[in-house]
Asks: 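Have a look at this one before I ask anything.
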Number of protein chains: 2
Amino acid sequence: MTKQRKVILEELHKVTSHPTADMVYEMVRKRLPHISLGTVYRNLEDLADQGEIRKLSIDGTRMRFDGNPEEHTHIRCIVCGRVDDIHFAPTVSMQDSISDNGYKILGHKLEFYGKCSECRKKDEIMKAKEKKRKSKD
Amino acid sequence: MTKQRKVILEELHKVTSHPTADMVYEMVRKRLPHISLGTVYRNLEDLADQGEIRKLSIDGTRMRFDGNPEEHTHIRCIVCGRVDDIHFAPTVSMQDSISDNGYKILGHKLEFYGKCSECRKKDEIMKAKEKKRKSKD
DNA sequence: ATATTAAATAATAATGATTACTATTACTGA
DNA sequence: TCAGTAATAGTAATCATTATTATTTAATAT
Ligand SMILES: [Mn+2]
Ligand SMILES: [Mn+2]
Ligand SMILES: [Zn+2]
Ligand SMILES: [Zn+2]
């Protein structure tokens, strides 16, 4: 935990705005004027890998970062692009135009992630090989 | 509807793989060897604006395109990155590891989109101005 | 404390996806 | 046939991200 990484994490915890890497860079720069953008990118990546933060792909081309690593739901404005957290228990029909947070909800996006059958097969093969290798010695 | 746009749309309807712009370019090139990548990008954008196709931001940095403009749910493999459609009525608890399509589901992503209160306020102001302008003449 | 080693950084260059530009080509309607 | 318009191919530019490298920092052993 370098001081750069510490400050990046702290700044990300301060906001609920789901900033881009560039925005995080600007935030952190106020406290560490000599930090480089590459360092911000690398630490954001590392923190996301460790599950300390979350990397969001909800915008178009740029990633956004979330200091809250818990799985939760987001709401994005199609006009200005801002992203907010929304309290939502995904149980009943989430159709049509409900209002929450002052938003007029126009639709939703739901995406699962996981491992497909092909990759799971490959996993099994790898595991089998691992077993074989271990039993050899 | 130029022949380029027609072929792009046709090729997109042929597959269920949610290809990137680059992949669409390669597909279309087999039929129109002189088409340029810029034309593919522009037409994909236009088709998406018209609601004929859908532009998906589920990957990291690159966009994917879907010949099916209906709102439906996707499943992505965290290992190989493939994206498939999934038949899912978002009604009950979608927690934990359910299996569908041979996938091992590890989590999901749910995102609403809409208009925030600020932008709706701006809309109201614009509408009011429009009204005023019309009543003037 | 000092030398040694490894890890992380700042600065910069390179890459990859997307968008912008421009001259040329294809269409449309007198 | 002949403008006038819209779309295209080809290319350059931009923007986000990643890779590279020399330098700095931190940790460890002497
Ligand atoms: Mn969030
Ligand atoms: Mn689909
Ligand atoms: Zn807004
Ligand atoms: Zn897979």
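Because only heavy atoms are used, hydrogens play no part in the values below, and waters and symmetry mates are left out as well, while side chains stay in. Lettering follows sequence order; numbering is per chain, from 1.
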Asks: Kindly point out which of dA9(D), dA10(C), dT18(D) is positioned nearest to the side chain of T39(B)?
Replies: dA9(D)
Asks: Expressed as a whole number of angstroms, how long is the span from L32(A):CG to dT25(D):P?
Replies: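 My rounded result for the distance is 13 Å.
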Asks: With a 4.5 Å heavy-atom cut-off, do D123(A) and C119(A) have their side chains touching?
Replies: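 In short, these two side chains do not touch, never coming nearer than 4.5 Å.
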Asks: Which listed nucleotide (dA10(C), dT17(D), dT8(D)) is nearest to the side chain of T2(B)?
Replies: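 Ranking dA10(C), dT17(D), dT8(D) by closest atom to the T2(B) side chain puts dT8(D) first.
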Asks: Using atom CE of M1(A) as one end and atom P of dA7(C) as the other, report the distance to the nearest whole Å.
Replies: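 Atom-to-atom, M1(A) to dA7(C), this comes out as 17 Å.
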Asks: What integer distance in Å separates H34(B):NE2 from dA9(D):C1'?
Replies: 10 Å
Asks: How about H74(B) and D84(B): does a side-chain donor come under 3.5 Å of a side-chain acceptor?
Replies: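 Side-chain D/A pair, H74(B) to D84(B): absent.
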Asks: Under 4.0 Å between any heavy atoms, over every strand shown, what does N43(A) touch: base, sugar-phosphate, or nothing? Just pick one.
Replies: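 Sugar-phosphate contact only - N43(A) comes under 4.0 Å of backbone atoms but never of a base.
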Asks: Considering only side-chain heavy atoms of T61(A), which listed nucleotide, dA8(C), dA7(D), dT18(C), is closest?
Replies: dT18(C)
Asks: Between G38(B) and F65(A), which is nearer to the 5' end of DNA chain D once each is assigned its nearest nucleotide?
Replies: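 This one resolves to G38(B).
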Asks: Report the nucleotide, chosen from dT17(D), dT8(D), dA10(C), that has the shortest atom-to-atom distance to any side-chain atom of Q4(A).
Replies: dA10(C)
Asks: Hey, is K30(A) close enough to E11(A) for a salt bridge, meaning N to O under 4.0 Å?
Replies: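 Looking at E11(A) together with K30(A), the answer is no, because their closest N to O distance does not fall below 4.0 Å.
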Asks: When the distance from CZ of R64(B) to P of dA17(C) is rounded to whole Å, what number comes out?
Replies: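 Taking CZ of R64(B) and P of dA17(C), I get 12 Å after rounding.
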Asks: Would you mind telling me which residue lines up with the more 5' stretch of DNA chain C, R62(B) or K3(B), judged by nearest nucleotide?
Replies: R62(B)
Asks: Taking only the side-chain nitrogens and oxygens of R42(A), find out if one of them lies under 4.0 Å from OP1 or OP2 of dT18(D).
Replies: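 No, R42(A) has no side-chain N/O under 4.0 Å of OP1/OP2 on dT18(D).
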Asks: Using a 4.0 Å heavy-atom cut-off across all strands, classify D59(B) as base, sugar-phosphate, or nothing.
Replies: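 Since no nucleic acid heavy atom lies under 4.0 Å of D59(B), the category is nothing.
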Asks: Between dA17(C) atom C1' and Y25(B) atom OH, what is the distance in whole Å?
Replies: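 Result: 14 Å.
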Asks: Please give, in whole Å, the distance from dT19(C) C1' to D46(B) CG?
Replies: 13 Å
Asks: Separation of M23(B) atom CE from dA17(C) atom C1', in whole Å?
Replies: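 Checked: the CE to C1' distance equals 13 Å.
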Asks: From the options dA8(C), dT8(D), dT18(C), select the nucleotide whose nearest atom is closest to the side chain of L37(B).
Replies: dT18(C)
Asks: Check every atom of dT8(D), dT17(D), dA17(C) against the side chain of Y41(B) and return the nucleotide holding the closest atom.
Replies: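 Shortest atom-to-atom distance from the side chain points to dA17(C).
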Asks: What's the separation between atom CD in E52(B) and atom CG in N43(B), rounded to the nearest 0.5 Å?
Replies: 11.0 Å
Asks: V40(B) pairs by side-chain contact (heavy atoms from CB on, under 4.5 Å) with which of V24(B), V7(B), D22(B)?
Replies: V24(B)
Asks: What integer distance in Å separates R29(B):CZ from dT8(D):P?
Replies: 17 Å
Asks: Starting the side chain at C-beta, find the nucleotide from dT8(D), dT18(C), dA11(C) nearest to S36(A).
Replies: dA11(C)
